[in-house]
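One structure is given here, and the rest of the page talks about it.
Residue numbering restarts at 1 for every chain, and letters A, B, ... go by the order of the sequence lines.
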There are 2 protein chains.
Amino acid sequence: MTLKPKKLRVAHAYELFSAELEAQILDGTLRPGDQLPGEIDLAESFGVNRSTIREGIRLLESEGLVRRPSPRKLVVSLPRAKDLTSRHTRALRMLDVSFLELWHVALAIEPLSAELAARFAGPEALAALDDTQERLERATEAGQSQVAIDTEFHDKVATAGNNRALQLAREPIGFLLYSGMEVLAPRLPGAADRQIVAHRAIIAAIRAQDPDTARTWMRRHIEDFKRGFELAGLPLDAPISACRTTGEA
Amino acid sequence: MTLKPKKLRVAHAYELFSAELEAQILDGTLRPGDQLPGEIDLAESFGVNRSTIREGIRLLESEGLVRRPSPRKLVVSLPRAKDLTSRHTRALRMLDVSFLELWHVALAIEPLSAELAARFAGPEALAALDDTQERLERATEAGQSQVAIDTEFHDKVATAGNNRALQLAREPIGFLLYSGMEVLAPRLPGAADRQIVAHRAIIAAIRAQDPDTARTWMRRHIEDFKRGFELAGLPLDAPISACRTTGEA
DNA sequence: TATTGTCTGTTTGTCGGACACTAAGTCGAT
DNA sequence: ATCGACTTAGTGTCCGACAAACAGACAATA
């Protein structure tokens, strides 16, 4: 008979502790907002040393399942979008994902984002978009970098659509893809203006609650981005991180 | 003047350590595969206690930046897709994301996945798809649950497209969405057969390197899924996790 | 009375040291 | 050279300790 190699991991105490706590959070025994006992109490009730508890807490903390609002309080919490997406972004960068890979996904997802925004955006979301747009135009006039504001615009559009699955999925892709503006803008003078026109049209369509127009403009906007990259002679297949010389905050 | 509230976090030693190591990994000073010194050496070279180093290692480990291939070795590594997506999945579930939210994203992304598969799939990917399909049909005949295999099929299609950004973005959505089959199948007897037909057509289009057909079939397949949900009288707006009564492995 | 300063017990972050267990390398025997 | 027992080193866990910071109570001041 063939013996299938089963890699068995020894369960360490700190992993058991964090797994147990995670299970209790997932099945609802512990709810977001609940406060956990102090480390000494935890150590006692789980029958392990405080150091062990601490290592377990580090895991849960890193997964966003618990958080310290103040140094003395340890509460159960929902993972924050930013924690998830920043990890995701880092992974994509480390994997040397290419412009084209990101662009393909963006072309599929950003038009949906605009469409949903046109269907579901409330007044606050619209105001946020206006604000972003105004800052984008001012920054462009002043010759400042638009990358951060551009990224923010697309994030805000996604937020306006009220679809959290979409927001989580697109954030890292948008962040990395639009960071390509950093290298594109100096090489293609017209790009910034085209960007402003597109954003204006998208906001107008969202305000008019016109999903089709919003979707179409967003699609063109994304297609245009690739065209700009090609015109500027930038490589579509190269890792996106290779295009960037400056780090972000 | 208004005083903008700036929340200042005290930097803890274990965070500083993990941040420092992370920075060295990101800027290439440490490369995936590199082996790190032992905890005692690390503690010495960073001028902190071993316990502090351990807590920092827990963070990095949890983020997938370092790994222990054997209990004695600590190596720098690329974050694994599974770590990222499982977190993502858990977050979506905890957020009580609705069927409709997931479905919207799937409708945008799965056709792209099929299209890319038709353009870039190699022979191994096709073989993997065939294998999955065979197991799906056998499981259906035997009356077993198709959920896991259905999810696997869509994953394999995405894998075949060779786009890692796409794979990372869609995995959690697919996992949660297709888990809806669990409740759908018993209520809609024809669903399983329609699924098999669609999967067959998608595989055929991928094999024929016909992106348009692949995309169209996938689109229909996803649209069909929602129709099934409606026919079965299942709520589209309810949290997806509420539909599931059984836990998965 | 409301604000500010002081005090006190508690908890975290960090430290140093300790030990069992085991993976890895060393060395000798066949 | 291959196999085995032996030695070594490193992780996982525990213990005990302490400074710093916090939360809350309390007193002082306007």
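- Per the geometry, CG belonging to Leu36(A) stands 15 Å off C1' belonging to dT12(C), to the nearest Å.
- Val48(A) comes within 4.0 angstrom of sugar-phosphate atoms only, judged by non-hydrogen atoms across all strands, and of no base.
- The interatomic distance linking Leu42(B) (CG) with dT11(D) (C1') rounds to 13 Å, in whole Å.
- Which of dC22(D), dT12(C), dT14(C) sits closest to the side chain of Ile40(A) comes down to dT12(C).
- Taking CD of Glu61(A) as the start and OG of Ser77(A) as the end, the distance is 9.5 Å to the nearest 0.5 Å.
- Side-chain atoms of Arg54(A) and base atoms of dT11(C) include no donor and acceptor less than 3.5 Å apart.
- Residues Glu137(B) and Gln133(B) bring a donor and an acceptor atom of their side chains to less than 3.5 Å of each other.
- Between Phe46(A) atom CZ and dG12(D) atom P the separation is 20 Å, expressed in whole Å.
- Rounded to whole Å, the distance from CD on Glu39(B) to C1' on dT13(D) is 11 Å.
- A straight line from NE2 of His12(A) to C1' of dA23(C) spans 12 Å, rounded to a whole angstrom.
- With hydrogens and angles ignored, a donor-acceptor pair closer than 3.5 Å exists between the side chain of Arg50(A) and the base of dG13(C).
- dA21(D) atom P lies 15 Å from atom CZ of Arg9(B), rounded to whole Å.
- Between Asn49(A) and dC15(D) there is a side-chain N or O to OP1 or OP2 distance below 4.0 Å.
- Between Arg58(B) and dG12(D) there is a side-chain polar atom (N or O) within less than 4.0 angstrom of OP1 or OP2.
- Remark: Glu152(A) engages Thr132(A), Arg135(A), Lys156(A) in a side-chain contact (heavy atoms from CB on, under 4.5 Å) (not counting sequence neighbours).
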Step-by-step side-chain contact (heavy atoms from CB on, under 4.5 Å) determination, Ile57(A) to Glu39(A): CA-CA 9 Å; Ile57(A) 290 179; Glu39(A) 296 176 352; 4.1 Å; yes
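- Between the side chain of Arg72(A) and the base of dT10(C), a donor-acceptor pair under 3.5 Å is found.
- Listed pair Arg68(B) / dT22(C) fails the phosphate criterion, with no side-chain N or O lying under 4.0 Å from OP1 or OP2.
- Formation of a donor-acceptor pair under 3.5 Å by the Ser113(A) side chain with backbone atoms of Ile109(A) is not found in this model.
- Closest approach to the Thr52(B) side chain among dG13(C), dC14(D), dC15(C) is made by dC15(C) (side chain taken as heavy atoms from C-beta onward).
- For the OP1/OP2 pair of dG13(C) and a distance below 4.0 Å, the side-chain nitrogens and oxygens of Ser51(B) include no atom meeting the criterion.
- Both Glu55(A) and Asp41(B) sit near DNA chain D, but only Asp41(B) has its closest nucleotide nearer the 5' end.
- When rounded to the nearest whole Å, the span between CZ of Phe17(A) and C1' of dT13(D) equals 15 Å.
- Distance CG (Leu16(B)) to C1' (dT14(C)): 13 Å, rounded to an integer number of Å.
- Between Ser70(B) and dA24(C) there is a side-chain polar atom (N or O) within less than 4.0 angstrom of OP1 or OP2.
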